[in-house]
Each structure stands twice: as structure tokens, then as C-alpha cells.
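In what follows, a structure is listed as C-alpha cells, so that the remarks can point back to it.
Below, read A as the first sequence line, B as the second, and so on, with proteins coming before strands; counting in each chain starts at 1.
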There are 2 protein chains.
Amino acid sequence: MNTLDVLTAEELDAIHEQAMRILEEIGTRVLHPGARELLRSLGQQVEGETVRWDRGFVLEMAARAPRSFTVRPRNPARAVEIGGGRPVYAPAGGAPFCSDLERGRRDGTLEDHLTLVKLAHAAKPLTCLHSGACETAELPEASRHLDMGYSILRWSDKPYVCYGGSGAGARDSVELAAIACGGRHAIEETPAILGVANPNSPLAWDLPMVDALLAWAEANQAIAVTPFLLAGATAPVSVAAGLSPLVAEALSGIALAQAVRPGVPCLFGSFFLPVDMRSGRPNLGMPESVLATLAGGQLARRYGLPYRGGGGLCSSNAVDAQAASETAMTLWATHLSGSDFVLHAAGWLEGGLTASLEKLALDLDLLRMFERLGRGVAVGPEELAFETLREEGPGGMFLASRHTLDHFRDWLFESPLFRSQDYATWVERGGATTDGAATVEWKRLLERYEDPGIDPAVDEALRDYVARRKRELSA
Amino acid sequence: MNTLDVLTAEELDAIHEQAMRILEEIGTRVLHPGARELLRSLGQQVEGETVRWDRGFVLEMAARAPRSFTVRPRNPARAVEIGGGRPVYAPAGGAPFCSDLERGRRDGTLEDHLTLVKLAHAAKPLTCLHSGACETAELPEASRHLDMGYSILRWSDKPYVCYGGSGAGARDSVELAAIACGGRHAIEETPAILGVANPNSPLAWDLPMVDALLAWAEANQAIAVTPFLLAGATAPVSVAAGLSPLVAEALSGIALAQAVRPGVPCLFGSFFLPVDMRSGRPNLGMPESVLATLAGGQLARRYGLPYRGGGGLCSSNAVDAQAASETAMTLWATHLSGSDFVLHAAGWLEGGLTASLEKLALDLDLLRMFERLGRGVAVGPEELAFETLREEGPGGMFLASRHTLDHFRDWLFESPLFRSQDYATWVERGGATTDGAATVEWKRLLERYEDPGIDPAVDEALRDYVARRKRELSA
């Protein structure tokens, strides 16, 4: 799909210029002493916990990041290219709750996590997974990332975004990936996982997050540096103002990663939304997010960086018209922004607090629609079908024509969820709304899941690592 | 909003070329003897009921239509410009049924019609109405257009699309508009109403529709010539093939209107959707419609004609996630296509069979979002807010900052329907889904309705006309 610009070249310049002023005049807080030391040694001004960045340095570092890169999981056939012109979709991550219509909303468990892993593995549009598919509330907080990491590596062979934002967690994710994907050397050549580094907006980098960023950078794993800006709370209330700390935060994080390891794959990330002044909560799917997501894509292109923006985001607490409207708004913004990597593309409900199985089914259908849209209008002789038009002529009917029978299966989009049903028949069959139809769909998808299998030696090594680390962490 | 192109210049040429071949080699059926006679006299080849059109003639006629025009209703302050860069929205029209959550789905009545008129009149985004807001099933079919026309002229002073597709109905709509808007001469100078002319796709113009088109054209009222193409039924199953009869039908209708009255305002219309092969019914909100709507905008621009495309269209039978997804897909297509006039922009449910009050409330919110998006990102010093960013600095909080308090009411979009609500509070308050919230909203909107009043002499003249025509029609 073509991209849609919402900023003129002059407006882009103004935002860039302000971001540079922020870096140089206001600076960012960096709570990681080692990182501050490194930055000081590279000529940045460090005063207490504040780092004032030189724009030349930041831009030079950011220029080291590749425009596109490959993430290769344990099954090389499942490798994805990020920045290669087609968006890579990953499901929602980080939700404390899991829900479906039959069992309702509940604390996420490892069993729910496994269901979400299997669904995402079975889902064709999702070429990347998330090891934080939902929280596993019954497991100890200090070590649950190990169970989640094992679960995803055992039951899927697609690449994934790794859960958590601490140095120890990031190092464990790297170790597990190394075991599963041919060793540390192999994953340093081609990254096997992606980490997400969120600054503590505005303009602060906290210790565990920087520790994680350094761990991923050292191992050459991909990093989506993603400021989370809430207009009216962690950012000023205008889109234009929020975009400048967005740039400052994203580029400072990327610069730090590149200083540690030149060329480590980094994404310019944006997660920008307004606060709902009635509740003080994040308000997803609103016009401000659409505009900021589109502007973010323009900024990423300006800096020559792959873009992580958008997703299937909503505030709604139910899989209703609000959820679908908000999600469609954010997905359109995602696609028109040229987003290269789309986290939270499916299953996100309730501002991200809930991983919803019905929402996952709904979103997968929407993603399939965008894939169809991305292929555009084919205009060849077979599609133009002049002879078919001549044969039918004025008043003709193409329902049973050869051309229709030959092509409708391939050319017409068919949604299992969205149906055009006669009202009387629909009522007679129970008048199901989309959420109910989505229950049927996620169950069908789960039935289609196929265990990718795993080399028993690798499996054993993964289990050994998890067991050892659990012993260490509980000691 | 910028437009999004889905066809290359070469692809546009190929579709244009095929449309011209259709006009010249296949032709269209024209079941109106007077129109055939006129076309023959202007050099077109007429054989029985088939007219083969000369491409030079068709393009020359189409070039007579203005790129933009004004529609001026009885209140000149409510005049709208069509083709002036901002879309004009009109609500759904032509639905046999009306529904709301409390009273359910029912045959439309004049009372429902009046409610819909009042809602559309009160709704700020809708700057145009539709006199076929819903059917009035209790009234005689031959004369109900008079009651509906009177109802809209009495209770709203916005311009409107007139109901029906017959010559007598069109002539009555012109007469009523003339009475209300300063006489025949005045409305011939600046049109007061819009008519919709749908060919009987593929490639057929039936008698009553052409009769209506001629009546509107003779009176210089605006005409949206809108082929209704159902890929897989009334058109081949590919988007590209459907676009060529679309062009042939739209341009032939416009050419006929221009032959009757040079310069009569005409819109290049597109209503293009695939058939749902599972039910044989029209399938709205699908990727094929999105692509065809976008391509239609490109074609309209090529011919220098204002565009009627898109709408808030859906197949769903309920105001659920399906309805919202389909509607959001079609509204994005609408806006990215540069559509100048958007019929069925709000209230459309169940493939257009039902005018839903809740859907109207939902769609109005979506239209407000698109209006906000259309204003883009403002990048001035007040929006960039550098000093505010400096004051808060790293780790700051903007919730209570002066800049936020000064601007959040104007700068943050607030939806009455879409809220970010804490889950526990939401459940405690009944866990309403969007459709329930929409009931509250349409009632609020109805309360805000204000009677625009009417000159008693005009009112009496309208009533007299209606009474006289009813006597004639029942004779």
C-alpha cells in the first residue's frame, strides 16, 4: 500500500529541529551508570543523571542501523524480513488478563499463554510471535519469563518478540534463543529475537530497561525502541509537541544501542495516544493516534530506519463496535504509515490489559483484508475480461459465467466472520453478533494448530537452562 | 486528506480504453424512446433498444459538467459546495426498514421518517439530507414520495437527495423544491436538490430512471449518476473488469444529461461491491469495494468530474464489530478516494435494508473523526510547545500543565460513544456495549433538534401541491 503523508517537508524539519534541541538543551535522564559512562566517553555531556546529546553523534549513530534486516528463528523457513516492504505482524503482548466469551476475563495463566502461542503459530498473518502473549500470574514473577520463553520456543518455530524489560530477562531470552537457533555465534550473525525498549517517557531511560537494551545490543538482537507517549500526560496535549520527544527518545535509544554494537538492527518505534480526560486513561483508536502514527512513519523514513508503528489497538472492554472501530482506525494508520513491524496486531482488548481470543479472531480477519488491499487492483487481460462483458452484454448476469466460476475463489475475499446474511435466517439461527462468531473462529484456528516438533537435544538443553536459572533466581 | 491511488496511469488508461470500447462496440440498452431519439439526432448509433455511443461525443458531453457546484436549499446559509475539497455527507436512504434497540426492526413509517429527518437535521456532520430516509410503508406507494418530500422540506432547511427513480417522482421533487426555494427560476440558477440516477447494471438504462434523469436535467438539478455493480453478479468477478462498465454507464448517463441541458451538475458515482458467494447477497465493506472506491476516485479525477463514492456501508444485521469494521473500511476508502459527495454516510445497516438509529449515532462519531483527520497535524509554535517540554523536563507530567489545560478541550478528540473505562467500573455500570451507548446518543441528538420553522405561505403552497398531486395520482 502507498504511504500517506500528513506532514510537509517543512513540518518534518520543524519537528526534527525541536527534537535535536531537546536532546542538546534538555537532554534525557539515563539511570544506568554504565551507559552514562559510555556516553561520556563518546563525548556526550553528562551532568548527574542527565545526558545532553550532541545531534551529530546521535544522527551518526542512528545511521549505523540497517534499513532492513532478517530475523531468523529455529526454523529458517520461518525467517522474516523487517523493512523489506511488507509489514511483519506480531500478536498482542504483555496483557495481565486473558479472556474469551465462554470463560470470561481472568488472570492470565501458562495454559492461556500456551493457547495464545498455538493460535498465533497457527495464524497465517502472524509471522512473528510474542513471548509475553499474556502474563502467567500463577508463576513466580522473577522466573516466569523462563517458562514463557520455553513455551514459545517449544510450541512454535516462528520468530518472536521477547517479554520483559530487565537485563536479566533479556540475557535469558538471548541464551534461550541461542540454544534453540544454533548457538550464540549464529544468532549474532542473524538475530533470532526482537526486544522492545520503552523509555520512561518523557525523556527518561530507567536502569532495567537500559540494561535490557544493552543485553540485546551486545548479542546483536533486534530492538524496537518505542517511546510510549500519552498526549496530555507523558507528553503535551498536541500531536506536534509529542512527536519531538518521540524522536528524541527513539533516536537516543537507538544511538546507545549502536554505540554498543554498530549495525545492531533497530526500529524507530512509536506508540502515541491521547489521554481520555474523562477517565485519565489512555484513549486508543483516536484521530490523534492516527495522525501521530502516520507522522511517525514519515519520521522513520527521514532517518532511514525501519518503523514499528500502529497495531490493532483499542480501548474497548468488549469485542463490540467500539473495539472494531478503534482497531480499524489504528490498522489503517498502521498500513498507511508504511509500518514495517506491527506489534499488538491481533488480540488486543481493553487498552492492552486483556488478550482476547475473540478479538484475535476478529483482528486476523482485518489483517487478511489489509493483505488483500496491499496486493491492489490487478489489471491484466484476464481481469479486464472484455469478452465476458461482450458475451453477457447489457442486462447480463455474471453469476454463472465461466469467468466468475473460474476466478471467484481466488479473487473474492471471503471472511468467516463477516457474512451477508438474510435477516430472517440470521434471527432464526440465533442472531449471533461478531463476538459469538469469533468464538467459533478461534476454536477452529486452534484445531488447525500443528506442533512444529523440536529436536530432543535442543529441547533438553532448553529445559536444563530453564531449570538452572530457576534455581539461581530462587537462591 | 490526501488521496490514495491504487491504479497507475497505464492501468487507468487500460480501464478507460475498455470503457470506450464497451460504449462503442457493445453499447448500452436505453429503454426510453425519447432519449434514444435525442441520442440518434446527436449522431449516436441506435439499433432497436441498443445505443452505441461515440467516445468523442461522450467525452465532449461529460466535459460540459462543472468540476464543482453549489446546492442551495430554502435556507441559503445551508448551501453546500460539492467538489470544493471537503466531502458533503448525506445519511442512508432508501431503507424499507427502520430499527432501534428498544423497538426493534420494523417496516419504516412516516413517523420513523420524521425521526430520521430530525436526527439528520440536528447532526452537524450531515450537511445534506435524504428524503428517502426510510420507506413509509403505511402510505400508498404512488404518492408517498409527496409526504416524504413535504416532511423533509417542512422539518429541515438543509439540502437533500430526493427519493425515488421515476419521472413523475422526480418532477414532483423539482416542483416542491421550487415552491420552497424561491421558484423554478431560482432553482434552475442554483440547484436545490440532488437526484440519484442508477443504471440497471450492466449497461442498461430503464425507462423510469431515464425519465427521472431527464426531469432533473431539464430543471438543472444535480444528478449523481451511480452504477451499482455487484462483482460476480451484475459485473464480472474482478475489480478491473467492473470498473470499465462503471465508466461506460456513468459517462453515458452524464452525457445524456448534458445533451439535455449543458452544464447541469453531474457526479461520477460508484457503488461497487462483490457478491457473497455463500448467500448470493451483496457483501459490503470488503477489500474489493475499498479498491474499487479508490479507483473510482481516480477515474472521476481523470474525467474532471466530482465524485460520489463510498459511504458508511456494511452488511451486518446488528450494530456489532462486523458493522463497525465494514463501515470503517468503507469510510476510509471514501476519504482516501477524495469523494466529494457521500451518500449513505450514516445510519446504514443490513446492506441498506435498515435505517438504524444506533448505527446513525455510531457513524456520526466516525464522520467526526474523519473531519478531525482531515484537519491534519498543526505544527505551529503553540503546538510545538518547546517551553512546556523544557519546564516539565525528563520524567515530567503534563496532565496539569498550563499548556494542557489551555488546549485539551479544543485539541483532543472526545467521543461520546468510545470511552476508555476501567473494567471493574464498566462492569458495575452494566457493561454496556457500543450499541447500547448509541441508544443514549441518538436520543440526545433528537433532543437537540430545533425546528427551523417555515414561512406559512410556503408551507401552505407545499401542502396545496401535495394535496393536488395526491388527488391526481389516486384518480
Compare all side-chain heavy atoms of [X] with those of [Y] and state whether any distance is below 4.5 angstrom.
{"X": "B:R105", "Y": "A:V427", "answer": "no"}
{"X": "A:L373", "Y": "B:M329", "answer": "yes"}
{"X": "A:W426", "Y": "B:E350", "answer": "no"}
{"X": "A:V275", "Y": "B:F398", "answer": "no"}
{"X": "B:M277", "Y": "A:L412", "answer": "yes"}

Taking all heavy atoms of [X] and all of [Y], pick out the closest pair and write down the distance.
{"X": "B:A328", "Y": "A:A328", "result": "CB-CB, 3.4 Å"}
{"X": "A:A385", "Y": "B:A241", "result": "CB-CB, 4.0 Å"}
{"X": "A:G27", "Y": "B:P394", "result": "O-CG, 3.7 Å"}
{"X": "A:F418", "Y": "B:E326", "result": "CB-OE2, 3.7 Å"}
{"X": "B:R21", "Y": "A:R390", "result": "NH2-NH2, 3.6 Å"}
{"X": "A:V377", "Y": "B:V239", "result": "CG1-CG1, 3.9 Å"}

Which portion of [X] sits near chain B, non-hydrogen atoms under 4.5 angstrom:
{"X": "A:F97", "value": "neither"}
{"X": "A:P199", "value": "neither"}
{"X": "A:D276", "value": "side chain"}
{"X": "A:R368", "value": "neither"}
{"X": "A:D206", "value": "neither"}
{"X": "A:L384", "value": "both"}
{"X": "A:S325", "value": "both"}
{"X": "A:E10", "value": "neither"}

Kindly write out the residues that satisfy side-chain hydrogen bond (donor to acceptor under 3.5 Å, both in side chains) with A:S252, not counting sequence neighbours, or none if the list is empty. A:W205

Closer than 3.5 angstrom, by distance alone: can the side chain of [X] be matched with the main-chain N or O of [Y] as a donor-acceptor pair?
{"X": "B:Q322", "Y": "A:R419", "answer": "yes"}
{"X": "B:N2", "Y": "A:L4", "answer": "no"}
{"X": "B:T434", "Y": "A:D320", "answer": "no"}

Contacting region of [X] [heavy-atom separation from chain A under 4.5 Å]:
{"X": "B:R409", "answer": "neither"}
{"X": "B:E49", "answer": "neither"}
{"X": "B:A233", "answer": "both"}
{"X": "B:L389", "answer": "both"}
{"X": "B:L336", "answer": "side chain"}

If the condition is ring-ring contact (aromatic ring centres under 6.0 Å, His included), which residues does B:H403 pass it with, not counting sequence neighbours? B:H407, B:W411

Quick one: of [options], who has the most non-hydrogen atom pairs under 4.5 Å with chain A?
{"options": "B:P274, B:P236, B:A324", "result": "B:P236"}
{"options": "B:M1, B:E392, B:E11, B:R372", "result": "B:E11"}
{"options": "B:G242, B:A231, B:S415, B:A295", "result": "B:S415"}
{"options": "B:G395, B:G280, B:A437, B:A438", "result": "B:G395"}
{"options": "B:A204, B:S279, B:A323", "result": "B:S279"}

For chain A, find its close neighbours in residues 312-319 of chain B: heavy-atom separation under 4.5 Å, sorted by number, or none. B:S315, B:N317, B:A318, B:V319

Would you be so kind as to tabulate the donor-acceptor pairs closer than 3.5 Å made by side chains of residues 282-291 of chain B, with sequence neighbours excluded?
from	atom 1	to	atom 2	distance (Å)
B:E288	OE2	A:F413	N	2.5
B:S289	OG	B:F272	O	2.8

